Number of protein chains: 2
Amino acid sequence: MLDANRVRVLVEVAHAGSIAAAAERMSFTAPALSQQLAKLERELGCTLLERRQGGVRLTGAGRILLAYGERVMGDLRDAETAVRAAAGERPRRLSLGTFASAGKVLVPGALAAFARAHPDVRPALSDLEPPDGYGLVASGALDLLITHRYPGVQLPAAAGLRRERILVDPLMLVLPEGHPAARPGPVPLAEAAGDEWICGAPGVPNRVALETAAREAGVRVRVAYETRDYEVTLALIRAGVGVGLVPRTVLGACEPSGWSAHPVAAADPAAPPPAREVYLVHRRRPLAPVPEMASLLRLSAHRALDRGAGAAAAD
Amino acid sequence: MLDANRVRVLVEVAHAGSIAAAAERMSFTAPALSQQLAKLERELGCTLLERRQGGVRLTGAGRILLAYGERVMGDLRDAETAVRAAAGERPRRLSLGTFASAGKVLVPGALAAFARAHPDVRPALSDLEPPDGYGLVASGALDLLITHRYPGVQLPAAAGLRRERILVDPLMLVLPEGHPAARPGPVPLAEAAGDEWICGAPGVPNRVALETAAREAGVRVRVAYETRDYEVTLALIRAGVGVGLVPRTVLGACEPSGWSAHPVAAADPAAPPPAREVYLVHRRRPLAPVPEMASLLRLSAHRALDRGAGAAAAD
DNA sequence: AACGACGGATAAGCTCTGCTTATCTGCGGG
DNA sequence: CCCGCAGATAAGCAGAGCTTATCCGTCGTT
């Protein structure tokens, strides 16, 4: 049968993106992993990795084995924690993956409350932009993932995992002070047709969402500046560089001057307004503190939404 | 993290019932396994096995780890076959576990048809009486399990497995030739109140079923002879030693003389008559030939039921 | 009661897996 | 042009894990 330790090497290499990086994480040297992978490939009689510039990429067979391997690693971790839990031991670590703006808006409050309730559990945070992170959850390297979906972007498959939507975060049209379209109530995207946009690079979810919404509104998008960072986006709007779409929860956490935020009037009034959905992802039998952290994050999400609504109404 | 090879040792020991037997199966010596288990226990800080007379028994922690370990081993096997299947390789082995009477009645026909359709696949058979075998399926040591439930016996948990009932096999009251209760049509169990019974030892499913049915009919069971083997049961009935309950499908495969079989008239006419249920158990993503073997077994089951009905009606 | 069979634990020694270090190749950027 | 980075390969070494040997307790047999 396949050697589980070799499979683990493949999983780590896939997550790290290169043999060298995985070796670093596993406190081994690169040749050690290279040899184990070679044996795994010989054993299976097919190549699992394409050696290419700057690292490796999985072949089709490699991706199949990765999916199984992640499950196996996750189950091994679960096994250990289950046995230790039966012996009365409590987990002392909770690893959390989050995308950038949740890391600023949702996580700090939840983490503070969690730390008060569980001073003995050390939370570990890592930044992961969608669609990354699912494999880390499956393999148990991550206990809880906070991820999102923008309109027009497909949600990744989550085989064997639980995914829960904790927030529908409306995308607000943010205009500089004095913009002619600025007024209370929903604003059609078409009124920003003459403006330049500040958004992510092509392929970045918020860029896809903007292009999707613009297409539906029949507006052509001209991009003035590309950034993933909403604080930068707001600073640029404040400076009059252009306009942008920003999730409502982000607004409540930013300097509320120099711009005004408006609900987007959807082209089709029956359709829901464009919104970023925020999800939690974890394994089926999560560690004891995971559900608690999840409910703190839900709470944090609702508060952030309220704050954002306040920031938007302020204008 | 836990070493998967050590976990495998635990799984094998649990299935084999003793360290020595597991070592035999794994082509190792007993001390090798003993040492690995000791390391596993030290690593987890708790005992997994109780050393007791004639072998070992799992502790609570051991049972928890066993359940996870079986999943892990099953997934590792699945991983290998999935990768090989993607490379065009076809599985060449199919292991089948079956209880004794199915091995005689259901399996031979299905196996013959399967061998014609898949001359390249070598089937392996092993005898497993319920409730054994579920763990072997979970760990991938068994591809397909044929198991049963008698009335009054609880069906084992099958977490992560698929279980399908392929047959409801009515228990027939079998009487020696010339028995006063022998007549066409259903016979109440009470009419055998004066007879002695031939059935399994206490705890054996068919004994439990008999006692359950007798309790409902208000009949006290006196056991003349204990055997699990239905051919022996029928031979004893033929010899006038007593009466018995025998599944209908078994009757169609036995010498049809010297006894007569009758449906049992249930005490509560609304309740279904007592029957042995036959199930197939396999993993969620079975090997290619498993579903095919399953449908051959379903077919075989229906045929056996018809043959059994014939044998019963013959009297 | 004594003995042998069986199952397991422990000790000591050896083998081989799998790690490290060192060297080589190929590709890309300063 | 050359250095840096990622990976493959070769050679050597350490340790994990196996085997053999011995011991202990329990049971069934003589």
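These values consider heavy atoms only, across backbone and side chains, with no hydrogens, waters or symmetry-generated copies. The structure presented is a predicted model; accordingly, all values stated were derived computationally and were not measured. Note on naming: letters A, B, ... go to the chains in the order of the sequence lines (proteins, then strands), and numbering restarts at 1 for each one.
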Between P of C:dA9 and CD of B:Q36, the distance in whole Å: 13 Å
hbond_proxy A:Q35 side chain to C:dT17 base (donor-acceptor, 3.5 Å cutoff): no
Interatomic distance where CD belongs to B:E43 and C1' belongs to D:dG17 [whole Å]: 14 Å
Nucleotide C:dG8, atom C1' - distance to CZ of B:F28 in whole Å: 18 Å
Anything under 3.5 Å between a donor and an acceptor, one on a side chain of residues 81-94 of chain A, the other on a protein residue two or more places apart or in another chain? List them.
residue: A:T81; atom: OG1; partner: A:R77; partner atom: O; Å: 3.3
residue: A:T81; atom: OG1; partner: A:D78; partner atom: O; Å: 3.0
residue: A:R84; atom: NE; partner: A:E80; partner atom: OE2; Å: 3.2
residue: A:R84; atom: NH1; partner: A:E89; partner atom: OE1; Å: 3.4
residue: A:R84; atom: NH2; partner: A:E80; partner atom: OE2; Å: 3.0
residue: A:R84; atom: NH2; partner: B:E43; partner atom: O; Å: 3.1

Length of the line joining A:E24:CD and D:dA6:P, which is rounded to integer Å: 11 Å
Which residue lies more 5' along DNA chain C, comparing A:D3 with A:P31 via nearest heavy atoms: A:D3
Touch class at under 4.0 angstrom, heavy-atom based, for A:A30 against every strand present: nothing
Interatomic distance, A:L33 CG vs C:dT21 P [rounded to whole Å]: 14 Å
Short side-chain to backbone donor-acceptor contact, A:S95 and A:A141, under 3.5 Å: yes
N/O (side chain, A:R51) to phosphate O (OP1/OP2, C:dT25) under 4.0 Å: no
Gap between atoms CG and P, on A:L40 and D:dA8 respectively (whole Å): 13 Å
Over 12 foreign heavy atoms within 6.0 Å of OH, B:Y279: yes
Side chain A:E41, main chain A:L49, donor-acceptor under 3.5 Å: yes
Side chain B:D75, main chain A:V72, donor-acceptor under 3.5 Å: no
OP1 or OP2 of D:dC18 under 4.0 Å from side-chain N/O of B:T29: no
Whole-Å distance separating the NZ atom of A:K39 from the P atom of D:dT9: 13 Å
Distance below 4.0 Å between B:S34 side-chain N/O and C:dG8 OP1 or OP2: no
Which nucleotide in D:dA8, C:dG8, D:dC18 has an atom nearest any side-chain atom of B:S18: C:dG8
d(CZ, B:R57; P, C:dG7) in whole Å: 17 Å
